Amino acid sequence: MAGRHAADFEQAPQLALLSTDHDNPEDWLRAGQAMERVLLLATLEGLASSFATPPLEWADLRRPLRDPMTGTGYPQVLLRLGYGPRGPGTPRRPVSEVLDIEPWPWAVHGTGEVPVLVPGP
């Protein structure tokens with residue numbers, strides 16, 4: 001786009017396909033949990049990620065994405081992973097606005113108080 005700032009990105013990003021054995025609500029939940037772990041680990045390793053799921057929304061495109069050796073599995077999530085420029089930080093609220101720290105009533109026995117995290121206002 002004209003006037004838009006350009007940035008250098010990795011020339012060879014990787015695609016990750018997350019599949020399940022079946023295609024029911026329990027599998028969708030498990031796929032979401034696995035995706036959460038992949039995204040957190042990618043972030044920890046300094047990788048950028050983006051979803052590339054449009055092919056999964058079409059049955060005729062989704063089927064060829066199954067395991068090429070067995071023809072089994074149900075593709076659930078397609079991610080692009082690679083290195084790119086660092087984006088802006090996400091604004092964070094102070095912890096005191098999010099959590100109230102209170103002692104456990106049963107934990108005060110002369111050894112000090114054990115803090116408990118309680119959702120804030």
Side-chain angles (χ1 to χ4, degrees):
M1 295 177 67
R4 187 172 182 186
H5 176 70
D8 291 330
F9 287 90
E10 183 175 353
Q11 296 299 314
Q14 300 295 307
L15 292 177
L17 180 66
L18 196 145
S19 297
T20 57
D21 289 334
H22 304 285
D23 196 23
N24 58 46
E26 183 178 340
D27 293 295
W28 305 335
L29 174 66
R30 299 287 183 249
Q33 291 171 328
M35 181 189 65
E36 174 188 25
R37 289 176 181 238
V38 168
L39 292 173
L40 287 171
L41 181 59
T43 300
L44 184 65
E45 296 295 328
L47 290 165
S49 58
S50 62
F51 293 97
T53 56
L56 302 181
E57 297 172 8
W58 296 83
D60 56 337
L61 295 176
R62 192 175 183 209
R63 187 159 187 72
L65 292 174
R66 290 180 159 198
D67 184 331
M69 300 295 283
T70 64
T72 61
Y74 293 87
Q76 302 293 343
V77 178
L78 185 60
L79 293 171
R80 179 178 185 255
L81 300 167
Y83 295 96
R86 187 167 177 87
T90 305
R92 301 285 184 209
R93 291 171 43 195
V95 173
S96 62
E97 287 185 18
V98 181
L99 296 173
D100 292 328
I101 300 176
E102 298 177 0
W104 288 2
W106 54 267
V108 183
H109 292 290
T111 59
E113 297 179 351
V114 177
V116 176
L117 300 179
V118 180

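The figures here come from the full heavy-atom set of this structure, side chains too, leaving out hydrogens, waters and symmetry mates. Being a predicted model, the structure only gives us computed values, none of them experimental.
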field: Partners passing salt bridge (charged side-chain N to carboxylate O under 4.0 Å, His left out) against Asp23 (at least two apart in sequence or in another chain)
entry: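 Salt bridge (charged side-chain N to carboxylate O under 4.0 Å, His left out) list for Asp23, sorted by chain: Arg62.
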Within residues 41-59 or reaching into it, pairs that qualify as side-chain hydrogen bond (donor to acceptor under 3.5 Å, both in side chains) - sequence neighbours excluded
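Passing the test, one end in residues 41-59: no pairs.
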Pairwise distance CG(Leu29) to CD(Gln76) - rounded to 0.5 angstrom:
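Answer for the CG-CD pair, Leu29 versus Gln76, is 11.0 Å.
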Which distance, rounded to the nearest 0.5 Å, do you find between the CG of Leu39 and the CE of Met35?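 One gets 5.5 Å once the value is rounded to the nearest 0.5 Å.
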Task: Residue list, side-chain hydrogen bond (donor to acceptor under 3.5 Å, both in side chains) with Thr72, at least two apart or on another chain - done: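 Here the qualifying residues are Thr70.
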- Is it the case that Arg66 places NZ or CZ above or below the six-membered ring of Tyr74, under 6.0 angstrom from the centre and within 45 degrees of the axis?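 Yes, Arg66 sits over the ring of Tyr74.
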*Which atom of Pro75 lies closest to which atom of Gly73, heavy atoms considered*: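 Scanning both residues completely, I find the closest heavy atoms to be CD-O, 3.8 Å.
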Checklist entry - Which pair of heavy atoms, one from Leu78 and one from Leu17, lies closest together, and at what distance? => result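 Nearest heavy atoms, Leu78 then Leu17: CD1-CD1, 4.0 Å.
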Check: Can you check whether Val95 reaches Val98 side chain to side chain, under 4.5 Å on heavy atoms?
Finding: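 Not touching, per the 4.5 Å side-chain cut-off.
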Practice item. Would you mind reporting whether Leu56 and Phe51 have side-chain heavy atoms less than 4.5 Å apart? Key: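 Phe51 vs Leu56: side chains apart.
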query = Are Leu18 and Leu79 connected, step by step, through hydrophobic side chains (Ile, Leu, Val, Met, Phe, Trp, Tyr) whose heavy atoms are closer than 4.5 Å?
reply =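 Yes, Leu18 connects to Leu79 through the hydrophobic network.
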